[in-house]
Amino acid sequence: LSRAQVRDYVAHHGVTPRHDPTNDDPRYPRSRVRALLPVLAETFQPRVGEALRRLAAHAARDAAYLERAADTLEA
């Protein structure tokens, strides 16, 4: 889900979101990547988030396939 979709869901259901302050701390690589994504979207590819979600889905499918293949070799 996109951040906007989560915000809409939370607002619609009256849930109070919790903010994790470590998400804003540049000592953590995930925070630095989050800060970089808007820059990439502005200067390189407006749909960088969409492309990364697709890449993650492909990687997850590949990992699942490799796990199944490895399991059959062990049997």
Side-chain angles (χ1 to χ4, degrees):
L1 298 173
S2 70
R3 186 178 300 250
Q5 289 171 309
V6 172
R7 283 186 184 142
D8 290 346
Y9 179 89
V10 165
H12 179 75
H13 292 281
V15 175
T16 302
R18 188 186 127 135
H19 177 73
D20 179 354
T22 65
N23 288 333
D24 302 325
D25 191 334
R27 290 180 297 172
Y28 299 100
R30 69 180 188 275
S31 299
R32 293 191 304 271
V33 169
R34 284 186 184 116
L36 179 62
L37 288 176
V39 174
L40 288 174
E42 284 180 22
T43 61
F44 177 67
Q45 171 55 267
R47 297 182 339 197
V48 68
E50 179 184 323
L52 290 172
R53 284 189 289 278
R54 278 195 318 272
L55 177 61
H58 289 294
R61 283 193 299 271
D62 290 349
Y65 170 79
L66 291 171
E67 282 289 325
R68 288 191 307 275
D71 289 344
T72 61
L73 293 174
E74 292 176 357

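The neighbour count for R47 CZ, taken as heavy atoms of other residues, nucleotides or ligands under 6.0 Å away, does not exceed 12.
In terms of heavy-atom proximity, V10 sits nearest to P17 at CG1-CD, 3.7 Å. Across every non-hydrogen atom of R3 and R34, the tightest pair is NH2-CD, 4.4 Å.
V33 is not connected to Y28 by any chain of hydrophobic side-chain contacts under 4.5 Å among Ile, Leu, Val, Met, Phe, Trp and Tyr, and they are in different clusters.
The CG atom of D25 sits 8.5 Å away from the CZ atom of R30 when rounded to the nearest 0.5 Å. Atoms CD and CZ, from E50 and R54 in turn, are 5.0 Å apart once rounded to the nearest 0.5 Å.
Among residues two or more places apart in sequence or in another chain, the side chain to side chain contact (heavy atoms under 4.5 Å, CB included) test is passed with H13 by Y9, V15.
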